[in-house]
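Single-structure report; data block below.
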Amino acid sequence: MSTAPGRRYGRNIARILFPLIVIISCIFFSPPAFAQDPPYCEELLEAARRQKLHDDRYWHILMHYQQRIIGIESLIDDPNFFLAPDGKTNPVSELEATIRAFFTPADNENDSAVCRFAARFEWLTEKLGIDTGRLPVPACRSFENFMEANRPSSVTLAFPMAHLNSPASMFGHTLLFIETADRSKLLSYSVSYSAVTNETFGPFFAFKGLFGMYPGYFAVLPYYAKLQQYSDVDHRDIWEYRLNLTEPEIRRMLLHIRELESIASDYYFFQENCSYLLYFLLEAARPSLELSQRFHGWLIPLDSIRAIQEQGLITEASYRPSRTTKIRHLASNLDGHGQEKALALAKGDVQEGTFSQTDLSVQEQRTICELAGEYLQYLYTKHRVPEKTYQERFLRILQMRSALGISSESGLSRVPVPLQPDRGHHSNRVSLGAGIKGDDAFAEIRIRPAYHHLMDYDGGYVEGAQLVFADVALRYRPEDRRLFLERLDVIDIFSLSPRDRFFRPISWKLSTGLFRVETDHDKDRLVYRINPGAGFAFGNNTEGLIYTMLETDINIGGVLEKNYSAGIGGSAGAVGNLCRFWKVHAFVRDIYYSLGDTRNFFEAAVHQNFVINPDQSVSIEVCRSRTHDIYQTEAKALWNLFF
Amino acid sequence: MQGNDGLAFQVLAVTTNGTCGNQTFGITSGTLNCEQPKKFVSRETINSYVADNMDNLANDIARGQGEYLNTLAVLMEVPEGSRADFYTLLQSNFSRIYTSPQVSSVDVLSNIESLM
């Protein structure tokens, strides 16, 4: 085997050159995965590592990172919020991916990382001293134009109060609005986080909302749009708390809002809800605030306002009555005759010249016209008047009003301002007391995490709206040294709304949980109960209400014959304040259980509550009941503490 | 409590799409089909404001006072010292501003301007 000397030479050179060529190719023609970052980018990444910016509190605020048992996780669920594939759980890779993203050119500036993550960009520019001229996109002009045109000057927290007829609104809502230097509140930008859903079936809505099955989004709308929804359509009073954020702080907040605008996050009614997400906006403005890390399992909007107050953010509070509050107030300034006239006007029963034969004062005439106008708008939002009719009647009423001049006192400021919600009783309640049931004495302790009972001091709460969750009552009987669960109210809702010539609401209740029934064997036992009811109430919240309800009651439990019992019946009662600190509720109830374990249940009771201060009260309850022809009397006194 | 007639649970759905158009009296729903103003143009803002708040604004003009009327004065750059006269002017010319039940927001605005 011999080759010519030239060919051998060639083969040797090939053996050396070939690997050399491969190596050189790898260096100069690398696939993108192995590309080097531009040197300036590498410099910034190095500086970020040195400063340990991924550990910085502000980075965690902007990313909504929360400490978990193992590791860190962002509360945001939308993948569009993260630049790194593991950004949701890895602060380091997200930070580095963000810096790298600033070097990526974009066709549309608004799609670049500089705009999409404007708050991160501004913070990193400051921390790393980035020379933005060296970036493909040096700034987010659309944001700067917006700031220039609007000059935001102050931020206010708005609290539309509780609305029992909608599960989403039972505890009220919180949103922010941002006012601009030269414009009015109505034109300010509201920022509100809520669940987006097309659900119409109540229980599904409640279930999905509790378990984070809806996406939540931040929506930015003019404040007047939110007012139409809350004040004019939903008829909820709104409290507006002005915050003391400075202009640089507001700027930081707006940058972060920009980042969140189309980002979804799973919405949880009790945890990651409207109020909790607002904490992140406030912390983005002022990182020294301690709000989001104080979270203890659930967050009620009113408690978030208290927390914000404790952090020293609130400067003043103002009250905005809803349309129905205004209607009630205007009506209270007229006697029955005046109210009838206003009602007739709104219903189109009267022609022009309606005031000519009367001896009504000018102010009364003005009030009648204003009341008619407001009430007509109310009827229209309830779809009780067709559009064309509404337009004609509305114009006519307004024309009449315009001929009567200007009131000397401004209408709205006359609506009496109720107690600020954050000054009412706190949300958690614990009660200690003792009593007698039949011949047996007992001691009782009750714990209730939320929210407000009919008998609690009303100040700061929507009157007639009872909302109780997870109320647990334990009793101890010294006689046989037994400690037992007396009662567990899973939910106990009672909505008492009085009817008058203007409003005809239905009062309703829904109560479910464990409670004790008397059986034939003399010992009382726990059963599970579902007890809905509906009816009417009359009167008003100052003088007192009387009500009557139709109720059904379903009991489920092993102690019952056939394991269940279902019945129908009713209740009637009167509740009112005898004086400012003394409330009484007297009622009777009768249910005839005709299915399952048949029996008749009757009770008559008087409950009283004495307010010591907003967070302390004493309750005294006396009840006489009869089941299966066995009479029983129970009386107890409890001291209640709210915290 | 508030005057709620229905037992049905209401659902709040937030929509942020669409545009504010030419509006007549009769704002029923709580959700405005409004696009956020992308660029601040004075004329567009006043038009949108009047269109979106027809009913409440008319109410205030008839009364000669109110938050919606104040906001209009701010938007039209009426100096604070002249506002009382502005409100009285509008109230006494109510029928010239709101000429018919179907009057449009565009006409309302131009009627107001022709008074000034």
Side-chain angles (χ1 to χ4, degrees), chain A residues 145 149-150 165-168 182-184 186-187 194 196-200 202 205 219-222 224-225 228-229 232-236 322 324 370 373 377 380-382 387 390-392 394-395 398-399 401-402 405-407 410-411 462-465 495-497 502-506 508 534, chain B residues 1-16 24-32 34 36-41 45 48-49 52-53 55-56 58-59 61-68 70-75 77 84 87-88 90-95 98 100-103:
Chain A
N145 290 345
N150 293 287
N165 282 17
S166 164
D182 54 354
R183 300 209 237 141
S184 81
L186 295 179
L187 296 170
S194 33
V196 176
T197 163
N198 289 319
E199 198 70 62
T200 47
F205 181 57
V220 179
L221 285 173
Y224 62 67
Q228 277 176 8
Q229 181 189 324
D232 297 348
V233 176
D234 294 341
H235 309 119
R236 300 158 74 172
S322 70
T324 46
E370 287 175 27
Q377 283 182 278
Y380 185 57
T381 58
K382 292 289 181 192
E387 189 183 47
Y390 166 76
Q391 289 171 338
E392 283 162 11
F394 193 50
L395 190 63
L398 292 184
Q399 273 165 349
R401 176 63 188 88
S402 69
I406 302 178
S407 290
S410 157
V462 176
E463 284 166 350
S495 171
L496 268 183
S497 329
F502 295 101
F503 303 113
R504 308 260 193 79
I506 294 178
W508 58 278
Chain B
M1 226 189 111
Q2 327 299 349
N4 281 310
D5 295 337
L7 284 177
F9 289 141
Q10 288 172 346
V11 170
L12 305 174
V14 177
T15 60
T16 56
T24 54
F25 285 133
I27 307 282
T28 44
S29 73
T31 59
L32 262 191
C34 258
Q36 274 169 263
K38 296 251 155 63
K39 251 180 158 183
F40 174 77
V41 173
T45 307
S48 298
Y49 173 72
D52 295 343
N53 295 284
D55 305 45
N56 286 334
N59 201 24
I61 288 178
R63 289 168 51 223
Q65 63 197 14
E67 200 177 4
Y68 290 85
N70 287 347
T71 301
L72 183 70
V74 165
L75 281 173
E77 290 167 31
Y87 300 159
T88 312
L90 259 47
Q91 187 192 40
S92 32
N93 287 287
F94 184 85
S95 299
Y98 295 96
S100 87
Q102 282 82 35
V103 66

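Below, read A as the first sequence line, B as the second, and so on, with proteins coming before strands; counting in each chain starts at 1.
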(request) Please flag which part of B/N59 lies under 4.5 Å from any non-hydrogen atom of chain A: side chain, backbone, both or neither. (result) both
(message) Less than 4.5 Å apart, side chain to side chain, heavy atoms only: is that true for B/D52 and A/Y224?
(response) yes
(request) Identify the two heavy atoms, one from A/I406 and one from B/G64, that lie closest to each other, and give their separation to 0.1 Å. (result) CD1-O, 3.6 Å
(request) Check whether any side-chain heavy atom of B/N53 sits under 4.5 Å from a side-chain heavy atom of A/L186, and report yes or no. (result) no
(message) Please find the pair of heavy atoms, one from A/L187 and one from B/Y49, that lie closest to each other, and give the distance.
(response) CD2-CD1, 3.7 Å
(request) Would you give the length of the straight line joining atom OH of B/Y98 to atom CD of A/Q399, rounded to the nearest 0.5 angstrom? (result) 11.5 Å
(message) I want to check something: taking the side chain as every heavy atom from C-beta on, are A/S184 and B/E67 in contact at a cut-off of under 4.5 Å?
(response) no
(message) As an exercise, state the distance from CD of B/Q102 to CD of A/Q391, rounded to the nearest 0.5 Å.
(response) 4.5 Å
(message) Strictly distance-based, threshold 3.5 Å: is any side-chain N or O of A/E392 a donor or acceptor partner for the main-chain N or O of B/P101?
(response) no
